[in-house]
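We use all heavy atoms of the structure for the numbers below, so side chains are in, but hydrogens, waters and symmetry mates are not.
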Amino acid sequence: CGDNNLILRSGERMDEWLEVPTDSSNPINCQHFFQIGNRVFATGSRGEILGTNDGNSFSSSISGNRSPIVAMTGDNDNVFALSAPIKGKGRRLLRSDDGGQHFYRVDDINFSADTSNFAYHKGRLQLGDWTSKDGGKSWFLSVEGFETGEPTGAKEGQYLQSIQNPDGSQ
């Protein structure tokens, strides 16, 4: 992964490196690789997303995003991409319902979260300690295996501390 569309791949023995072609008309400065299901994605410094099924060539995905993608997750059909923070808007959450061919903006995420814990499993999207059941449209805090509003099994006199939502409400 490098400047001016440079993407390299190696053979099984890793004894030679071959340049992999892209269909990008503008040179991208490749920053990250992500494997989602059967596809591998390369992301660029200006929000570009390229994908491949076989590693022999990368094709551009349509995202409309201009901020670098710092995390991706999903399964074969549902792919989510999270951008670096955008001044005054937070991080942009993008989604693809067609395996990464086309992305659309879900929302801007304005709460702080650990992007290394960005995962999608059984219809739930996880970002740090926050969980979404609707593909990132709304979020709730998960604490020690419990979701806010979920019965805890605590006995009378025991309680869980009130937790603040991203918008400041409790």
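- Distance check: Asp77 CG to Ile36 CD1 gives 12.5 Å after rounding to the nearest 0.5 Å.
- Considering CG of Asp98 and OH of Tyr104, their distance stands at 9.5 Å, rounded to 0.5 Å.
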Side chains of residues 82-90: which donor-acceptor pairs under 3.5 Å do they make with residues two or more places apart or in other chains?
residue: Ser83; atom: OG; partner: Arg92; partner atom: N; Å: 2.8

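- Ring geometry for Phe41 versus Phe103: interplanar angle over 60°, hence perpendicular rather than tilted (30 to 60°).
- For the residue pair Thr131/Gln126, the side-chain donor-acceptor check at 3.5 Å is satisfied.
- In this structure, Thr43 and Met72 have side chains that are in contact, with non-hydrogen atoms separated by less than 4.5 Å.
- Atom CG of Leu93 and atom CD1 of Ile109 lie 4.5 Å apart (nearest 0.5 Å).
- Within 6.0 Å of the CG atom in Asn38, the count of heavy atoms belonging to other residues, nucleotides or ligands does not exceed 12.
- Side-chain contact between Val70 and Gln31: absent, with no pair of heavy atoms (C-beta onward) separated by less than 4.5 Å.
- Expressed to the nearest 0.5 Å, how far CG of Asp129 lies from CG of Asp114 amounts to 8.0 Å.
- Contact of the Asp97 side chain with the Asn78 side chain is registered, since non-hydrogen atoms from C-beta on lie closer than 4.5 Å.
- Judged by distance alone, with hydrogens and angles left aside, the side-chain atoms of Ser61 form a donor-acceptor pair with the main-chain N or O of Gly100 at under 3.5 Å.
- Between Arg66 and Arg46, every side-chain heavy-atom pair lies at or beyond the 4.5 Å cut-off.
- Ring geometry for Phe80 versus Tyr120: interplanar angle of 30 to 60°, hence tilted.
- Across Leu125, Val106, Asp107, a single residue satisfies side chain to side chain contact (heavy atoms under 4.5 Å, CB included) together with Lys137, and that is Val106.
- Hydrophobic clustering (side-chain heavy atoms under 4.5 Å, transitive across Ile, Leu, Val, Met, Phe, Trp, Tyr) keeps Val40 apart from Phe34.
- Side-chain atoms of Asn65 do not come within 3.5 Å of backbone N or O of Ile69 as any donor-acceptor pair.
- Ser132 is linked by a side chain to side chain donor-acceptor pair (under 3.5 Å) to Asp134, counting only residues two or more places apart in sequence or in another chain.
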Run the numbers on Trp130 and Phe111 for ring pair (Phe, Tyr, Trp, His ring centres under 6.0 Å), then give the verdict. CA-CA 9 Å; Trp130 297 91; Phe111 56 86; 4.8 Å; yes
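- Of all non-hydrogen atoms in Asn76 and Gly37, the two that sit nearest each other are OD1-CA, 3.0 Å.
- With sequence neighbours excluded, the residues satisfying side chain to side chain donor-acceptor pair (under 3.5 Å) with Arg39 are Asn53.
- The nearest pair of heavy atoms linking Ile49 to Ala81 is CD1-CB, 4.3 Å.
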